[in-house]
Amino acid sequence: MENKVISYLLEKEKICYLDYHFAKFATGLTGKDETAVLLAAVLVSSKTREGHICIDLSEYAQTDLIEGDENTRLPELSGWVNILKASRVVGMPGDFKPLILDEKNRLYLYRYWAYEKGIAEHIRKYVNEVTYEDDLEEISSKLDELFTKKEDCISPDLQKLAAYTAIVKKLCVISGGPGTGKTTTVAKILALLIASSFKPQKKENTFNSNKSKDDSSKSDSNIVIGLAAPTGKAAARLQESIKSFKERVRKEKLNISDEILDLIPEETSTIHRLLGSIPNSPYFRHNKKNPLRLDILVLDEASMIDVALMSKLLEALPENAKLIILGDKDQLSSVEAGKFLGDVCTSALESSYSLDFYNVIKDITGFPPEGEPSLDKRPSLRECFIHLKESHRFGPNSGIGILSNLINSGNIDKSVTLLKEGRYSDVLIKNISDEALLFKELKKAVLKHYKKYLSAEDPKTVFMLFEQFRVLCAMREGPFGVKSVNDLIESVIKAERLTEVKKDWYKGMPIMITQNNYSLDLFNGDIGIVLPDPASNGKLKAYFTTPDGKFRKFHQLRLPEYEKVYAMTVHKSQGSEFDNIVLILPEKPYPVLTRELLYTGLTRAKLNAEIWSSEKIFASTIEKNIKRSSGLYDSLTVSY
């Protein structure tokens with residue numbers, strides 16, 4: 001019975017051979033022919049590949065794995081649960097078995113249950129810990145030096161609140177859309193934390209010290225700070241933001257001394273590099289037994305981090321380390337399983353401040369926080385979370401900003417109306433319904449945006465011009481997918497003779513690394529451009545920028561796997577920003593088309609965005625949001 005069903009599911013591509021072999025392995029351990037266990041195992045394996053941490057059996061019981069086909073119907077819930085509980089390969093939480101079934105009938109692969117459990121335990125522990133014991137008056141004085149109160153202020157300064165939270169809590173989660181000041185806030189937080197640990201030989205005001213760098217009484221800080229992000233691009237952007245902040249402070253003579261600024265680190269790393277990847281292994285050099293040597297870790301673009309990686313990172317943090325997490329909770333979830341940031345933020349927003357913390361916030365900001373306080377005196381996750389809402393990139397008259405907010409709220413009618421009426425010059429929609437029209441519009445975009453970079457010679461100029469524009473696609477395959485669009489753009493470039501297009505390697509060709517190579521320090525998502533290398537008699541090499549603005553050059557044969565990147569998927573664009581973007585949605589609905597994808601793609605644009613889609617597809621995309629099964633939310637909402 002089961003082999004026929006499984007074979008049928010394989011044939012219809014509802015599962016893959018990995019799911020099949022796992023299920024056969026699991027049921028083989030029982031020594032019995034257990035159809036209900038086989039189907040549960042194959043289902044949880046396939047759904048984990050789709051991004052779910054677990055499956056809720058009540059959601060799937062008595063449904064057809066292939067719609068309308070009764071031969072693939074799953075058992076009714078109570079009988080299914082009883083069979084699973086009686087099986088040798090299914091355990092309860094705390095057991096060491098291939099499958100774990102919890103009290104809410106959620107079924108996990110063991111390792112994903114372990115990842116989720118580990119994350120929840122770390123978060124709950126962080127929530128209960130206080131890391132700063134100075135009195136409120138002293139903290140408030142330090143905050144007032146860096147966060148100047150506006151005279152017409154009618155709401156709390158959330159950046160100031162974030163800084164306070166980061167000082168007094170072991171965990172601080174700062175969420176906000178593009179331009180809400182997440183990295184500026186964290187730079188000020190680091191200045192405060194460094195000043196608190198400063199060890200000057202002469203007593204003085206550490207924020208306002210004008211002491212020369214060459215002064216013999218130079219001070220030092222005793223805290224070690226790490227800056228990390230999921231991808232090389234995101235890490236580079238974090239570094240750029242920190243550098244930009246320090247330059248602005250020095251230029252505008254803000255209230256932070258050069259000494260403190262010098263101690264704010266600029267070097268960033270990917271999480272994999274920070275943990276020390278072991279080639280061909282899922283494990284890292286740094287772990288619970290060999291923790292990172294850090295006092296503070298700033299983690300950017302956290303929406304991109306899956307639960308497996310987050311679990312391993314938390315295990316590798318020293319017990320006393322402070323963790324500051326930055327990200328946009330409304331962006332796409334990680335490509336791999338889980339929605340770590342989304343679960344944490346949702347749980348935080350649905351909990352309440354303790355009365356003591358509520359009153360402190362009123363004293364610090366001058367305004368009561370949102371929501372009513374809890375009578376419970378115990379700390380909650382809400383006290384570790386700040387949602388920055390004011391965008392400094394998108395003003396009140398920004399069509400991109402207004403539309404992204406409407407999309408986030410699921411307001412289809414107002415979103416469509418905004419685009420139809422054309423009230424804002426920075427965002428528009430074009431109904432690109434066929435491939436001929438797609439080619440025509442791509443030709444216009446290429447001539448407008450890519451012509452300049454292809455004619456430039458200086459590598460810095462080439463990269464600067466290339467990063468001003470990008471075509472973003474929702475799909476990889478199909479006529480409106482990345483592969484097809486990249487080929488169309490290349491054909492335009494060839495036809496217009498913007499550069500000499502050769503088969504697989506030519507001047508101006510942009511590439512994206514798709515496979516990590518730790519020995520070369522090249523990682524999935526890193527973007528390079530093929531250019532002549534004067535040091536090698538003009539031979540073509542792939543140039544990659546370094547965080548300090550220099551270049552690394554590689555011969556084609558040395559590179560790991562890569563692909564052309566005139567266009568890229570929205571998923572791959574996370575952690576990037578461009579002056580102008582074109583966002584292409586396919587001609588018909590697909591599961592990948594969600595509100596989060598549309599919001600993420602749209603907000604990659606700083607100045608102008610074009611959405612190439614029919615109104616029908618655009619509307620249906622807003623209507624659908626990402627749903628991933630997880631028990632992390634429940635684990636974080638229990639009492640602390």
Side-chain angles (χ1 to χ4, degrees), residues 143 146-166 169 171-189 241 245 298 300-303 324-332 341-353 357-358 360-362 364-373 380-411 414-415 418 424 426-427 574 577 595-596 598-606 609 622 625:
L143 292 171
L146 288 184
F147 298 90
T148 307
K149 187 175 181 179
K150 298 175 183 177
E151 292 183 5
D152 58 347
C153 184
I154 58 173
S155 60
D157 185 339
L158 295 177
Q159 291 188 5
K160 185 177 182 180
L161 176 56
Y164 171 74
T165 302
K169 292 288 186 178
L171 170 70
C172 178
V173 181
I174 305 173
S175 178
T180 51
K182 296 187 292 294
T183 48
T184 297
T185 302
V186 85
K188 290 184 178 182
I189 288 169
S241 297
F245 168 81
V298 175
D300 199 11
E301 295 291 350
S303 63
I324 301 172
I325 296 174
L326 311 177
D328 185 347
K329 66 180 181 63
D330 298 312
Q331 276 191 192
L332 281 166
L341 185 65
D343 281 337
V344 169
C345 294
T346 301
S347 178
L349 285 168
E350 293 184 8
S351 58
S352 302
Y353 296 103
F357 203 86
Y358 183 92
V360 168
I361 292 173
K362 282 200 297 184
I364 290 288
T365 67
F367 295 89
E370 292 182 357
E372 293 297 321
S380 74
L381 184 55
R382 185 69 182 88
E383 297 171 7
C384 300
F385 172 72
I386 299 88
H387 184 201
L388 302 179
K389 299 176 182 178
E390 182 183 357
S391 176
H392 304 285
R393 179 190 298 178
F394 304 129
N397 296 316
S398 164
I400 296 174
I402 294 169
L403 181 59
S404 62
N405 288 332
L406 290 173
I407 290 169
N408 252 343
S409 63
N411 196 321
K414 287 187 177 180
S415 297
L418 181 148
Y424 300 95
D426 61 334
V427 63
Q574 286 182 271
E577 59 182 30
R595 184 183 307 168
E596 292 84 357
L598 191 54
Y599 167 81
T600 302
L602 179 64
T603 53
R604 297 311 90 200
K606 293 190 289 185
I622 297 175
N625 60 349

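Only heavy atoms go into these numbers, but all of them, side chains included; no hydrogens, no water, no symmetry mates. These figures come from a predicted structure and were not determined experimentally.
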Can a donor-acceptor pair be found, under 3.5 Å and without considering hydrogens, that links the side chain of [X] to the backbone of [Y]?
X      : Y      : answer
Ser391 : Pro178 : yes
Lys188 : Ala163 : no
Ser380 : Ser351 : no
Asn411 : Leu406 : no
Thr600 : Leu332 : yes
Asp426 : Ser398 : no
Arg595 : Leu598 : no
Lys182 : Gly177 : yes
Ser175 : Gly327 : yes
Thr346 : Asp343 : no

From [X] atom [atom1] to [Y] atom [atom2], the distance as rounded to the nearest 0.5 Å:
X      : Y      : atom1 : atom2 : result
Tyr599 : Ile407 : OH    : CD1   : 10.0 Å
Leu161 : Ile361 : CG    : CD1   : 5.0 Å
Cys345 : Ile174 : SG    : CD1   : 11.0 Å
Thr165 : Arg382 : OG1   : CZ    : 9.0 Å
Thr603 : Asp328 : OG1   : CG    : 6.5 Å

Which pair of heavy atoms, one from [X] and one from [Y], lies closest together, and at what distance?
X      : Y      : result
Arg393 : Ala605 : NH1-O, 4.1 Å
Lys362 : Pro369 : CG-CD, 4.2 Å
Gly401 : Phe394 : CA-CB, 3.7 Å

Is any side-chain heavy atom of [X] closer than 4.5 Å to a side-chain heavy atom of [Y]?
X      : Y      : answer
Glu301 : Gln331 : yes
Lys169 : Leu171 : no
Leu403 : Ser415 : yes
Leu158 : His387 : no
Leu349 : Lys329 : yes
Val344 : Ile325 : no

Test applied, side-chain contact (heavy atoms from CB on, under 4.5 Å); reference residue, Cys172; option that passes from Leu326, Ile386, Thr185:
Ile386
Walk me through whether Leu143 and Tyr164 qualify under side chain to side chain contact (heavy atoms under 4.5 Å, CB included).
CA-CA 7 Å; Leu143 292 171; Tyr164 171 74; 3.7 Å; yes
Verdict with supporting geometry, Val427 and Leu418, side chain to side chain contact (heavy atoms under 4.5 Å, CB included)
CA-CA 9 Å; Val427 63; Leu418 181 148; 4.1 Å; yes
Testing Asn405, Asn408, Asn625 for side chain to side chain donor-acceptor pair (under 3.5 Å) with Asp330, which one passes?
Asn408
